[in-house]
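Take a look at the structure below.
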Amino acid sequence: MDAFSSFFQTQSSYGRAWSTDSLKNFRQISPVVQNHLKQVYLTLCCALVASAVGVYLHLLWNIGGLLTLIGCMGSIAWLLSSPPYEERKRVGLLMAASLFEGASVGPLIDLAIQLDQSILISAFIGTAVAFGCFSAAATIARRREFLYLGGLLSAGLSILMWLHFASSIFGGSTAIFKFELYFGLLVFLGYMVVDTQEIIERAHFGDLDYVKHALTLFTDFVAVFVRILIIMLKNAGDKSEKKKKRRN
């Protein structure tokens, strides 16, 4: 109990010390790490563009499916097994993985476009805002402040995997699906914070592999975007069903 009370006391004192000046306080991040973060986020933006190209290719030729998913996983495995000095090769593999990932998510996005295009735009804007806010919070916060959440998030991710495995064998229910959806969204929002702080911490110790770090953030972004999009599509579908029942 003393540990919990001291934790909340430090958090409350930290909240009282929060001001607009703290937004400009990046003294704990060295210029080398700041440049590394710029590279990471620039590479992440390029990966998102490549993913959008993959979505467009699916809309044109309907290529998204199991093969693109295998291509994405193979590109990621090849990237992670390549040495860091092969920079151009690894950037190309990241772009290929992002393109395959976009094509794999293409069927879901195609469904959103057919139902209501505003849902797709709202989901992307919501994901971008959440990513920006959580990344900024992790950057401004004290070093290692959120890293302790990594163990809890890993446990949550394992729970999601076991639930998905069990539902695929024994059959799932609507309640389990909703739990997986919302709990998974919470877990990957947490990973946005933890992964950002872990990237900063690794960069302080000399790990400047911006390609691998951009891949980590790209995975978090896509995981959150897919879940937000599914939630919005499900809510829109429920509303349309209620309207039909009222008309009948």
Do [X] and [Y] belong to the same hydrophobic cluster, where Ile, Leu, Val, Met, Phe, Trp and Tyr are linked whenever their side-chain heavy atoms lie under 4.5 Å apart, directly or via other members?
X: L79; Y: V53; answer: no
X: M232; Y: L111; answer: yes
X: V226; Y: Y182; answer: yes
X: L181; Y: I176; answer: no
X: I121; Y: L115; answer: no

Keeping the roles fixed (side chain from [X], backbone from [Y]), state whether a donor-acceptor pair exists under 3.5 Å.
X: T196; Y: A138; value: no
X: S167; Y: H164; value: yes
X: H213; Y: I199; value: no
X: T68; Y: G64; value: no
X: S158; Y: A155; value: yes
X: Q117; Y: A112; value: no

Within the 4.5 Å heavy-atom criterion, are [X] and [Y] side-chain neighbours or not?
X: Q39; Y: N35; result: no
X: I113; Y: L59; result: yes
X: L69; Y: F100; result: no
X: K234; Y: K178; result: yes
X: S51; Y: F218; result: yes
X: I109; Y: L229; result: yes
X: L149; Y: V193; result: no
X: C133; Y: V129; result: yes

Show the nearest heavy-atom pair for residues [X] and [Y], with the distance to one decimal.
X: S104; Y: P107; result: O-CD, 3.3 Å
X: R90; Y: S82; result: NE-O, 3.4 Å
X: F221; Y: A128; result: CE1-CA, 4.0 Å
X: K212; Y: D207; result: NZ-OD2, 3.9 Å
X: V187; Y: L157; result: CG1-N, 4.4 Å
X: A141; Y: Q197; result: CB-NE2, 3.8 Å

Inset, instruction - Quick one: list whatever passes side-chain contact (heavy atoms from CB on, under 4.5 Å) with A223, sequence neighbours left out. - result: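 So A223 forms a side-chain contact (heavy atoms from CB on, under 4.5 Å) with F188, R227.
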Legend entry - Under the side-chain contact (heavy atoms from CB on, under 4.5 Å) test, residues paired with E198 that sit two or more places apart: L147, D195, R202
Separation between [atom1] of [X] and [atom2] of [Y], rounded to the nearest 0.5 Å:
X: L189; Y: L153; atom1: CG; atom2: CG; result: 10.0 Å
X: I76; Y: L93; atom1: CD1; atom2: CG; result: 10.5 Å
X: I200; Y: F205; atom1: CD1; atom2: CZ; result: 13.0 Å
X: L217; Y: L48; atom1: CG; atom2: CG; result: 10.0 Å
X: F146; Y: E201; atom1: CZ; atom2: CD; result: 13.5 Å
X: L99; Y: I63; atom1: CG; atom2: CD1; result: 6.5 Å

Counting neighbours of [atom1] on [X] that are heavy atoms of other residues, nucleotides or ligands and sit closer than 6.0 Å, is the number greater than 12?
X: H204; atom1: NE2; value: yes
X: K89; atom1: NZ; value: yes
X: Y56; atom1: OH; value: no

Inset, instruction - Evaluate the criterion side chain to side chain contact (heavy atoms under 4.5 Å, CB included) for residue pair Y191 and F134; output intermediate values, then yes/no. - result: CA-CA 9 Å; Y191 267 117; F134 282 97; over 6 Å; no
Inset, instruction - For L80 and L215, run side chain to side chain contact (heavy atoms under 4.5 Å, CB included): C-alpha distance rounded to whole Å, both residues' side-chain angles, the deciding distance at 0.1 Å, then the answer. - result: CA-CA 10 Å; L80 295 177; L215 173 63; 4.1 Å; yes
Inset, instruction - Check step by step if side chain to side chain contact (heavy atoms under 4.5 Å, CB included) holds for L185 and I231. - result: CA-CA 10 Å; L185 177 61; I231 290 171; 3.9 Å; yes
Legend entry - Whichever hydrophobic residues join V32 through chains of side-chain contacts under 4.5 Å: L208
